[in-house]
Structures are given as C-alpha cells and as structure tokens.
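Working notes, structure below.
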Amino acid sequence: MTSTPLTGPHDLVEAAGHPHGGGNMKPHYDERLANEDLAPLRKQKWSSYNIFAFWMSDVHSVGGYVTAGSLFALGLQSWQVLVALIAGIVIVQVFANLVAKPSQKTGVPYPVINRVVFGIRGANIPAIIRGLIAIAWYGVQTFLAAESLNIVFLKFIPGSVALLDVSFAGLSALGWISYAILWTAQFLLFWNGMEVIRRFIDWAGPAVYLVMIVLAVYLVSQAGIENISFTLSTTQLDFWASIPVMFAAIALVVSYFSGPMLNFGDFARYGKSFAAVKKGNFWGLPINFLFFSLLTVITASATVPVFGELLTDPIKTVERIDTPFAILLGGLTFVTATVGINIVANFISPAFDFSNVAPKKISWRAGGMIAAVGSTFLMPWNWYSNSDAIHYSLGVLGALIGPLFGILIAGYYFAARQRVKVDAMFTMDAAGPYWYRNGFNPNAVKAVIAAGVPTVAIAVFPKLFADLGLFNASWISDYSWFIGCALGLALFLFFERLDPRVPTFDGETEGISDGAVDGAAATAASEPPAISTEVPVPGSGNSGADAPAVLAQTVRDAAAPEHGTALPGRPTAAGPRTGLLA
C-alpha cells in the first residue's frame, strides 16, 4: 500500500471536492481506495444555511415547479393537497436525516460509507447504479436549461430563428449553441470545486425565490386576487375517491426527491454538526417546499384569467408576458435554477460514485467529467419526450433507489449499530473487517437482487400490461420506492440474521465512529490507529428482539434535535453477537 502523491492545483487526480489538503489522507490508506476527495474530511464547515440552500437549489427548478403545480390539479381539495405535501416532505426530511448521519459522522461521501454495508469492492454496486441515473438526468436537465436559453436568444437576437431550421443529431443549431453554453457553464462551476458550488447555491436559491415572488405579485395584480384559486383541477373528487389520490400524491413527493435523498451524504459530510444538517433539512424541506408550492399554485392559478389558459411551465409563463425585461430576467433565472439542481443532484453524485471505482485514476473532478461527457452522447433531446423510453430505461434504474436506501439504513443503524471503523474503509487487507468475501458482503448483494427484481417488476410491468390492453394496475408503480425500500431493509436484516457479517466492534473505542462524536474532524489530527485485522466471528450479531423499538427510536432520533448520544437500549459491552433478529 502506498500513499497518493500530492499533485498540482488543477490536476485531474487531485482533490476538487474541497480545498487541497482537506481530505485526511493517512499514509496507510490504499491508493486503490482513497484519494483526497474520498478520504475523511479534516474540517466540516457547512452551516444549516448551506444545507437549506442545497435544498432550495433542488426544489427551485422547472421540474419542481411542474411537480408542485400538478399536485393541485389532481382533483383534490386544497387542504388535502396541503396534507399530502406536508406528509410527503416530512417523510423526505426524516429519510434525509437518516442517510445524512453516517456521512456526517465519518466525513466520507455516499459510496465510501457503503463499504461498511456492501464491502470494500461491493460499494461500487450502489455507486454505479446511482451514477448511471445521474448521467441520464444530467443531460435532460442541461437540455431543459438550453430550451429556456433559446427563448432569450429568439427574443433578443431575431436572426437566431434561422438556426432552428438547421439541425444535427436531432437538435437544432440554436439548440446546440444553447446546450454548449450551459454545458460549459456547468463544467466551469464544477471544475472549481465544492466551495465555489456552495457559494453558487447559497446565492441561486434566494435569487430564484425573488424572481418567483415578483412574477407571482405581477400576475396576481393583473388577474385580481379574487380570481386566485388553490384548486387547479376542473373536476373535484368526492372524499373516498380522493383518499388513494392523496396517498399517490405523497408517494410522488417522496419519489421526486428519492435521487438526491439517496446520495445526500455527499453533502451532509460537509456539515459542521449533525444538528446543523438537521436544522438545514427542516428549513429546506417542509418549510421551503411548502412555501414554494404555494407560490407555484398562486402563479399558475393567475395564468388562467391573465392568459385564458392554465400554464404550469414557468418558462412558458414568462414567455407569454412578452416583455423583454421579463423574458430576460425570467429566462436567465430559471436557467440558473436548472443549473443549480443539475449540479447538486446530477453532477456531484456521479463525481464521487465514479471516483470510488478507481480513486487512483479518477478524482472527483474526473468522475464529474465522465458524467458530463456521457450525458451528451446519450442525446437526451431525442428520448426525453418519449415517455416509454424514460419508463423502460430510467424506470428500471430508478426502481433500485428504494432497495439501495433500505439496505444502507439497515446496515448502518441495525447491523453496524452506527459503529464504523473509519480507517478500515480504506484498506484492501483481506483480513480487514469490511473485506467480507472477496470485497463483497454477500448479504448486501443478495438483498439488492432479491429486493430489486420485484421492485423493478412493479415499476415496469403494470404499464406494460396496461399498454397491451390486459389490465391497468399502474397505480402500484407509484409506490415502487416505498416497496423497494421496505424490501431492501427487511431482506438485508433477514440475511444478516441467518449469516451475520457486519461487525460492531463492541468494546473498541480507538478509531471508531459510534454516531455520538459529532463528525470526523474531531479526531482528524490524531495519529491514525492501526487497522484491525480481526475477522468477525461467524454467527456473531446483536440481538434483534427489540428491532421494532430500535426502528421507532431511530426515526425519532432522525427527526429530533441532536442529542449527542447513541441509541438507547443498545448493548455496548464487548461480547459475541447473537443474531440480528433472534
């Protein structure tokens, strides 16, 4: 094992996810598993506002606008929509807190913390799946931002309309120009590292809000406040018929955030404390999303009396105002919003994911470039408008997000009991605690397959059957994330009960992150402890008789203020594990 050499400030293999030297690269870390981007952070400085701004960037997009507006057009009463919104986003908040804790406490990104559960090599399974999803959506979001930029060009450069008649590979010349501008802008933003991205999203979220508020005030003044309705649907469901629609709306909210929620650890690792992360999640999710949704429905409702039709696309709304300043301001604002969500949801994730595959050769910066270049070769403009193409390609990959989430939660909170030997995540030693079997935890691999197959079937086949005219059970696809998450968690715990693999290091304290010490930076300056070569005793495990109580306490811990202690009722003394669910 050798240490990774220091490199120049803009070398492809040096740290870009944070300032150079920010990763605590210890001499004994294996270069096949570590670089400065993946190593535990020396300093964790993000405040609750930075996390709040992250969620603003994730919510404030054309997709977020359309999603929020669609909930008010389902035929529900306004209060039912608000209940669904609050229920869905609180679920997202709790789950985001759950996935944030292991990365904040250890200071490592999502693919690295998965080494505890999937094994040193097995962690590449969830990393590659999440990375492929992000590549596809990165191209889609860049294309949507380019469409917004086209409107600005057409308004201020009339001659650009001729570029619409020339096309290559399915995209007009004007489209290629706008796409290239946005692709380059995102590349430059990403290339300058996480601190520049943090400053960008700190500014972008409030800027979008400001324009949204101005747009809403203008349209309401034109429509008259008495003509504003919080119900956008032309039909109203009765109470009993509205119940399943409410549940579907809740599932839609959770599914919309499922991607960023899965790899939220990539951002939570920068949080200065778990309490700061949770505070940022509270303001960024239930508070921010509810206010944004209300602003969205007010704006959309005002388009009916002003333009004579309901417009749920903010770009089309701005275009219909037909005022040069409004088009310029609105177009550039929603371009900024789309760039924001693209960076945080679809650029940073594959950057860490692909770097995890070969850290010596692929840095955070190089991993992001793989995603950016790959997304262009997918030519998203040719298949984005084809719902079947999206359903049968991204639908398959997206259906795996739930199982991956459930397995991570089961592995960290139940099997490992929040106790992680941080340095052991960076050794290829076959006697290391996370080597398992040839670098793979067979329980995690089996859980992915066993949970993934039925979840993919639930996500794909109901639509196929409906398209063939057999029967329509497509409603069950709305809940594929919940089903997959539950299956992943339950099956992983079941396999761990039969053949316990994940160690808990009972009785050890040196080099252990136990979920109580607030972050990785607290011990970064200390001498690295020796990597344990102790092999977990087969058949060892913690008692799982109180698993329901632990689950309830874990959820309460995720939603409650930081208390700085481990889960109550869990054994801490050394001793053999007796089976997870025994």
How close do Ile89 and Pro286 get, heavy atom to heavy atom, and via which atoms?
CG2-CA, 3.4 Å
Identify, with sequence neighbours excluded, every residue that meets side-chain contact (heavy atoms from CB on, under 4.5 Å) alongside Ala248.
Asp478, Tyr479
Checking Arg115 against Phe426: charged group under 6.0 Å from the ring centre and within 45 degrees of the axis?
yes
Positive for ring pair (Phe, Tyr, Trp, His ring centres under 6.0 Å) with Phe95, one of Trp481, Phe482, Phe257:
Trp481
The ring-ring contact (aromatic ring centres under 6.0 Å, His included) partners of Phe495 (sequence neighbours excluded) come to none
Evaluate the side-chain proximity of Asp30 to Thr427: yes if any heavy-atom separation is below 4.5 Å, no if none is.
no
In this structure, are over 12 heavy atoms from other groups packed under 6.0 Å from Trp283 atom CH2?
no
Closer than 3.5 angstrom, by distance alone: can the side chain of Trp46 be matched with the main-chain N or O of Val277 as a donor-acceptor pair?
no
Applying ring-ring contact (aromatic ring centres under 6.0 Å, His included), can you list everything that pairs with Tyr65, at least two apart in sequence or on another chain?
none
Shortest non-hydrogen separation from Ser355 to Ile362 and the atoms involved
OG-O, 2.7 Å
Set of side-chain contact (heavy atoms from CB on, under 4.5 Å) partners for Ser480, sequence neighbours left out:
Thr455, Ile458, Ala459
So, Asn35 side chain and Leu38 main chain: donor-acceptor pair closer than 3.5 Å or not?
yes
Could you pull out all residues at least two apart from Asp353 that satisfy side chain to side chain donor-acceptor pair (under 3.5 Å)?
Ser349
Considering residues at least two apart in sequence or located in another chain, which fulfil the ring-ring contact (aromatic ring centres under 6.0 Å, His included) criterion with Phe292?
His60
Distance alone, cut at 3.5 Å: any donor-acceptor contact between the side chains of Arg501 and Asn443?
no
Distance-only donor-acceptor pairs under 3.5 Å for side chains of residues 367-380, two or more places apart:
unit_1	atom_1	unit_2	atom_2	d
Ser375	OG	Ala371	O	3.4
Ser375	OG	Ala372	O	2.7
Thr376	OG1	Tyr179	OH	3.4
Thr376	OG1	Trp183	NE1	3.3
Thr376	OG1	Ala372	O	3.4

Going by ring pair (Phe, Tyr, Trp, His ring centres under 6.0 Å), Phe347 matches just one of Phe190, Phe352, Phe187, Trp137. Which one?
Phe190
Set of residues satisfying side-chain contact (heavy atoms from CB on, under 4.5 Å) with respect to Val453, sequence neighbours excluded
Ile449
Would you say Phe247 has more than 12 foreign heavy atoms packed within less than 6.0 Å of its CZ?
no
Name all pairs fulfilling the side-chain hydrogen bond (donor to acceptor under 3.5 Å, both in side chains) condition that reach into residues 248-259, sequence neighbours left out, sorted by first residue then second.
Ser61-Tyr256
Partners of Pro126 by side-chain contact (heavy atoms from CB on, under 4.5 Å), sequence neighbours excluded?
Tyr110, Asn114, Phe118, Leu404
For Asn346, check side chain to side chain donor-acceptor pair (under 3.5 Å) against everything at least two apart and list the hits.
Asn342
Kindly say whether Leu98 contributes a backbone atom to a donor-acceptor pair with the side chain of Tyr413 at under 3.5 angstrom?
yes
Residue set satisfying ring-ring contact (aromatic ring centres under 6.0 Å, His included) with Phe267, at least two apart, ordered chain then number -> Phe54
